[in-house]
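Report on the structure given below.
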There are 2 protein chains.
Amino acid sequence: MRVGRLSDVPRSVLIIEDDPRIRRILQMTLQREGLDAVEADSGETGLERLAERDFDVILLDLMLPGKDGFEVCREIRRTSNVPIIMVTARGDSHDVVAGLEAGADDYVSKPFVAKELSARIRALARRTRAPQPRVRIEVGDLEIAPQDGTVTRAGEPVNLTRTEFKLLCELATEPGRVLSREELLERVWGYDYFGDSRLVDVHVRRLRKKVEEDPGHPTVVTTVRGMGYRVPG
Amino acid sequence: MRVGRLSDVPRSVLIIEDDPRIRRILQMTLQREGLDAVEADSGETGLERLAERDFDVILLDLMLPGKDGFEVCREIRRTSNVPIIMVTARGDSHDVVAGLEAGADDYVSKPFVAKELSARIRALARRTRAPQPRVRIEVGDLEIAPQDGTVTRAGEPVNLTRTEFKLLCELATEPGRVLSREELLERVWGYDYFGDSRLVDVHVRRLRKKVEEDPGHPTVVTTVRGMGYRVPG
DNA sequence: GGTCCGTGTGACGAACTCATGACGACGGTG
DNA sequence: CACCGTCGTCATGAGTTCGTCACACGGACC
């Protein structure tokens, strides 16, 4: 799972754009705004970059050769909730809606105004930022490293699925606090998910199976009846 | 039974929609979800309502007679950053884009799914709200953290049910003030609950059993004969 | 002391909440 | 293509919580 940064302003932006000229313009625009921009010339390389490290925001062109922008967007959303801004041709409103439905958070139209672009990046990063994760969270003999995406128990690595890991992170970053199913659904599955909230139960159970000493008497993720789940502080 | 909601959910929604049938459906849908919905049949009256009081979320139809939705949206945005959800016809992607550009935060398409609608409202309100300060209320050796959903007594966690917890929170957030049974019923059980007010007594008793040193001589939640209950300030 | 009204107490069935196991769908991989 | 891991949904059952009731208790007032 990708977790947002701690600082007040976003620092890193990943640009996924095939046209070298536009990419260059974006790059310089952002750099002038004090942002660290990394370029990718296709959806595939973009996903690779994203696998290597975290970014605060992703700028995604919809008209890409090979894997198109929507596909890339959906693919990113499967593993991350990093804010995505689409880059579209002016007036192509159908693309915008399709992009939003694919999981993008905002969009800018070509030709874009530099100031507007950076303002949107900042606004988006501010709105979607996750609560500050600690560098390393310890719960009993469990050690969680949100940035690395790893969990170890008594030194032994624990193999969690992406959903389980995100769930654990959300709970563990606010120890002592009870998180309702609604809240967890929104944070882990995204605000536009409208399925059964029993889904949380199932994943908590799967998570417990892997991290709890005795899944029958959980100590890491405890149930607060009628309210939700909590990692004891 | 309809249980009232936890305190971190939005309460009030302003519906700006000219079609009486749709307005009615929206109203009932939201009410069933425990939201307080106010109706406005045109952009003008909507703006008036908004001038009178605050809302947590605004539902705005784009196809309005007179002042259209975009205009209303821009007008609202000049004075307020209240979350706005547009209501659009299915597939009308151009409107969606124009609406977002006018300052809306999200959109739903007609026909909408009740569950989705209320989920979007909740999610939007939660995201745009300023993070609530972590209040800690102390009553004797009792410590209440409404946001965390936890209560401790002399450091030891106290296991309260949802109803007991809400009841205690309502009383403890206004120490010294006597809350009548009717008032407590409305706040804890919701304004749409019409039952025996003796219900409060029973839950006060259950609450006392868990938080009082000597439930026979309560010090945390005291009875004011003929008036109601109070947490001594 | 006796009566009345408001409140405390214990008990009970109904409703609800959650854990559990199982199933099918889907995508990735060999 | 079959296999595997992950995910979302569902049905079931156990345990908890809730709302209601009948009755006991105890001040207030006569």
Side-chain angles (χ1 to χ4, degrees), chain A residues 1 44 47 51 67 71-72 74-79 149 158-168 178-182 184-185 188-190 192-212 214-230, chain B residues 1-6 115 149 158-168 178-182 184-185 188-190 192-212 214-230:
Chain A
M1 169 210 182
E44 285 80 1
L47 290 169
K67 223 173 251 200
E71 213 170 317
V72 175
R74 275 189 288 272
E75 207 143 319
I76 293 173
R77 272 289 167 270
R78 275 211 285 278
T79 62
V158 181
N159 211 359
L160 297 183
T161 70
R162 187 171 46 247
T163 311
E164 287 156 7
F165 184 73
K166 287 171 81 174
L167 189 58
L168 179 59
V178 177
L179 296 181
S180 69
R181 280 156 232 278
E182 269 195 357
L184 288 169
L185 271 183
V188 176
W189 281 264
D192 50 356
Y193 173 79
F194 307 108
D196 196 346
S197 75
R198 296 274 126 220
L199 177 57
V200 180
D201 299 34
V202 177
H203 276 90
V204 164
R205 174 170 160 268
R206 288 169 180 158
L207 175 61
R208 280 173 174 162
K209 231 175 192 166
K210 296 183 181 179
V211 301
E212 296 283 358
D214 171 14
H217 298 273
T219 58
V220 178
V221 179
T222 59
T223 305
V224 183
R225 189 165 248 275
M227 303 216 200
Y229 294 97
R230 149 175 68 186
Chain B
M1 159 209 170
R2 274 212 69 277
V3 181
R5 318 237 155 229
L6 293 174
K115 201 168 165 193
V158 182
N159 217 355
L160 297 183
T161 70
R162 182 175 36 182
T163 312
E164 287 156 8
F165 180 74
K166 289 173 74 175
L167 189 58
L168 178 58
V178 178
L179 295 180
S180 70
R181 287 174 174 67
E182 287 71 26
L184 288 169
L185 270 183
V188 176
W189 279 263
D192 51 354
Y193 173 79
F194 303 104
D196 196 346
S197 72
R198 296 301 312 281
L199 180 55
V200 180
D201 299 34
V202 178
H203 276 91
V204 164
R205 175 173 157 265
R206 287 170 180 158
L207 175 60
R208 280 173 174 163
K209 227 175 193 167
K210 296 184 180 179
V211 302
E212 296 283 359
D214 172 13
H217 300 274
T219 58
V220 178
V221 179
T222 60
T223 305
V224 183
R225 206 182 157 78
M227 309 278 283
Y229 295 97
R230 145 173 76 180

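Throughout, a chain's letter reflects where its sequence line sits, starting with A, and its residues are numbered from 1.
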Would you say the side chain of A:Tyr229 lies within less than 4.5 Å of the side chain of A:Thr223, judging by non-hydrogen atoms? yes
B:Glu164: salt bridge (charged side-chain N to carboxylate O under 4.0 Å, His left out) partners, not counting sequence neighbours: B:Lys210
Both A:Lys210 and A:Leu199 contact DNA chain D. Which one's nearest nucleotide lies toward the 5' end? A:Lys210
What nucleic acid atoms does B:Val202 come within less than 4.0 Å of, heavy atoms only: base, sugar-phosphate, or nothing? base
Rounded to the Å, how far apart are A:Leu167 CG and D:dC7 P? 11 Å
Between NE2 of A:His217 and C1' of C:dA19 the distance, given in whole Å, is 12 Å
Side-chain N or O of B:Thr163 closer than 4.0 Å to phosphate OP1/OP2 of D:dC18: yes
For A:Asn159 and D:dT6, what is the distance between atoms CG and C1' respectively, to the nearest whole Å? 12 Å
Within this structure, what is the CG-OG1 distance for the pair A:Leu167 and A:Thr161, rounded to the nearest 0.5 Å? 9.0 Å
Going through the distances and angles, do A:Thr222 and A:Arg208 end up as a side-chain hydrogen bond (donor to acceptor under 3.5 Å, both in side chains)? CA-CA 9 Å; A:Thr222 59; A:Arg208 280 173 174 162; over 6 Å; no
From CG of A:Leu185 over to P of D:dT9, roughly how many Å is that when rounded to an integer? 10 Å
Quick check: are there more than 12 heavy atoms from other residues, nucleotides or ligands sitting under 6.0 Å from CG of B:Asp214? yes
Short side-chain N/O contact from A:Arg205 to OP1 or OP2 of C:dG21, under 4.0 Å: yes
Mind checking the CG-CZ spacing from B:Leu160 to A:Arg225? Nearest 0.5 Å is all I need. 14.5 Å
Separation of D:dC18 atom P from B:Asp201 atom CG, nearest Å, is 15 Å
Using a 4.0 Å heavy-atom cut-off, write out nucleotides 23-30 of chain D from 5' to 3' as B (base contacted by protein), S (sugar-phosphate only) or - (no contact). ---B----
Would you tell me if any nitrogen or oxygen in the side chain of B:Arg162 comes within less than 4.0 Å of OP1 or OP2 on D:dT16? no
What is the separation between atom NE2 on A:His203 and atom P on C:dT20, rounded to the nearest whole Å? 15 Å
For D:dC7, does either OP1 or OP2 sit under 4.0 Å from a side-chain N or O belonging to A:Thr161? yes
Atom-to-atom span, CG of B:Leu207 to C1' of C:dT7 - whole angstrom: 16 Å
Please tabulate, for side-chain N and O atoms in residues 199-207 of chain B, each donor-acceptor pair with protein atoms closer than 3.5 Å (sequence neighbours left out).
| residue | atom | partner | partner atom | Å |
| --- | --- | --- | --- | --- |
| B:Asp201 | OD1 | B:Arg181 | NE | 2.8 |
| B:Asp201 | OD1 | B:Arg181 | NH2 | 3.4 |
| B:Asp201 | OD2 | B:Arg181 | NH2 | 3.4 |
| B:Asp201 | OD2 | B:Arg198 | NE | 3.1 |
| B:His203 | ND1 | B:Leu199 | O | 3.4 |

To the nearest 0.5 angstrom, please state how far the CG atom of A:Leu179 sits from the CZ atom of A:Arg230. 10.5 Å
Counting only side-chain N and O atoms of A:Tyr229, is one of them less than 4.0 Å from OP1 or OP2 of C:dT17? no
Under 4.0 Å between a side-chain N or O of A:Arg181 and OP1 or OP2 of C:dC18? yes
Within the structure, does a side-chain N or O atom of B:Trp189 lie under 4.0 Å from either OP1 or OP2 of D:dG19? yes
Any donor-acceptor N/O pair under 3.5 Å between D:dG19 base and B:Arg206 side chain: yes
Whole angstrom value for the distance that separates P of C:dG27 from CD of A:Glu75: 11 Å
